[in-house]
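Below: the structure, in structure tokens.
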Amino acid sequence: MKKFTWLLIITTLFSSTSFAQIKYEFQKDENYIAYQKDADKLLEKSIHFDLLEKIMKDKSVDEEEFKIIHKAFGFESRSAFEGYLAKQIARIGELEKRYQVSKIPMDDIESNDATESSFAECIEKARLAAIQGHISCIPLDLQAFIGAFGAGAACHAAVEALRALMMHICIVEQEQNAAEEEEKAGIEDIKAEERRQ
């Protein structure tokens with residue numbers, strides 16, 4: 001079973017890149033907007049994060065995992081997942097042609113907006129890292145069509161998996177923070193009530 005260990009590079013991109021809340025010109029492009037809309041809709045599906053985590057435990061997607069990854073994303077068929085990827089990859093290809101997104105040194109930019117929440121930064125990091133991850137996969141698409149297993153298909157599937165997992169972590173952390181704040185507020189209410197008695 002052939003593994004694509006070069007996906008470790010993509011994982012490193014996702015985990016080490018520091019993104020700012022600066023708006024780039026490409027983020028106004030209809031392809032970027034449509035990409036993000038469809039990518040965010042994907043999170044509304046019944047994603048099986050336990051299966052996705054199991055597939056991505058070695059930070060790569062092999063041929064057997066590629067055959068089932070569509071189930072982790074909540075797609076009824078592999079061809080539906082491949083269609084989703086093909087549409088998204090075409091949009092990203094346009095962004096790369098128009099704006100050379102891969103050459104934007106996003107890791108050198110620091111956030112200028114101190115009011116931006118850590119949740120928004122977390123989501124934006126996942127979104128922008130996915131764009132660059134997919135762009136890094138595009139040269140591998142020449143090895144096989146997206147409908148056949150190959151380095152390109154495995155790379156794009158892994159990028160989508162990492163994006164979904166990153167965004168899931170953002171959401172879980174946001175929910176935990178909200179629960180902690182609610183608990184703190186409840187404790188403060190109890191203390192205030194006790195002081196009044």
Apply salt bridge (charged side-chain N to carboxylate O under 4.0 Å, His left out) to the pair K184 and E180, showing each step before the final yes or no. CA-CA 6 Å; K184 285 179 190 175; E180 287 172 12; 5.4 Å; no

Same cluster (ILVMFWY, side-chain, under 4.5 Å), F49 and I169: no

Do I131 and I33 share a hydrophobic cluster (ILVMFWY, side-chain heavy atoms under 4.5 Å, transitive)? no

Side chain proximity check, [X] to [Y], heavy atoms < 4.5 angstrom:
X	Y	value
R127	D40	yes
I68	L51	yes
H156	D141	yes
Y84	Q88	yes
D38	R91	yes

Is a donor from one side chain sitting under 3.5 angstrom from an acceptor on the other, for [X] and [Y]?
X	Y	result
E160	H134	yes
Q132	S102	no
E124	Q36	no
Y99	D29	yes

S77: which residues meet the side chain to side chain contact (heavy atoms under 4.5 Å, CB included) condition with it, sequence neighbours left out? S79, A80

To check you understand the geometry: which heavy-atom pair defines the closest contact between [X] and [Y], and what is its length?
X	Y	value
I47	L42	CD1-O, 3.4 Å
V101	E96	N-OE1, 2.9 Å
V61	A154	O-CB, 3.4 Å
G74	K45	O-NZ, 3.7 Å
M166	C122	O-SG, 4.5 Å
A72	L52	CB-CD1, 3.8 Å

Hey, can you tell me if F81 and F73 have their rings parallel, tilted or perpendicular (30° and 60° cut-offs)? parallel

Salt-bridge criterion met for [X] and [Y] (N-O under 4.0 Å):
X	Y	value
E64	K67	yes
E193	R196	yes
R98	E94	yes

Going by the rule ring pair (Phe, Tyr, Trp, His ring centres under 6.0 Å), which residues pair with Y32 if we only count those two or more places apart in sequence or in a different chain? F26

With rounding to the nearest 0.5 Å, note down the distance linking [atom1] in [X] to [atom2] in [Y].
X	Y	atom1	atom2	result
C170	I123	SG	CD1	4.0 Å
K54	E65	NZ	CD	9.5 Å
I69	I55	CD1	CD1	4.5 Å
E53	L165	CD	CG	5.5 Å
I135	K103	CD1	NZ	11.0 Å
I138	C155	CD1	SG	9.5 Å

With side-chain contact (heavy atoms from CB on, under 4.5 Å) as the test, would you mind laying out the steps for F66 and R78 before giving the verdict? CA-CA 9 Å; F66 187 74; R78 183 172 145 184; 3.7 Å; yes

Would you indicate whether E182, at its atom CD, is surrounded by more than 12 heavy atoms from other residues, nucleotides or ligands within a distance under 6.0 Å? no

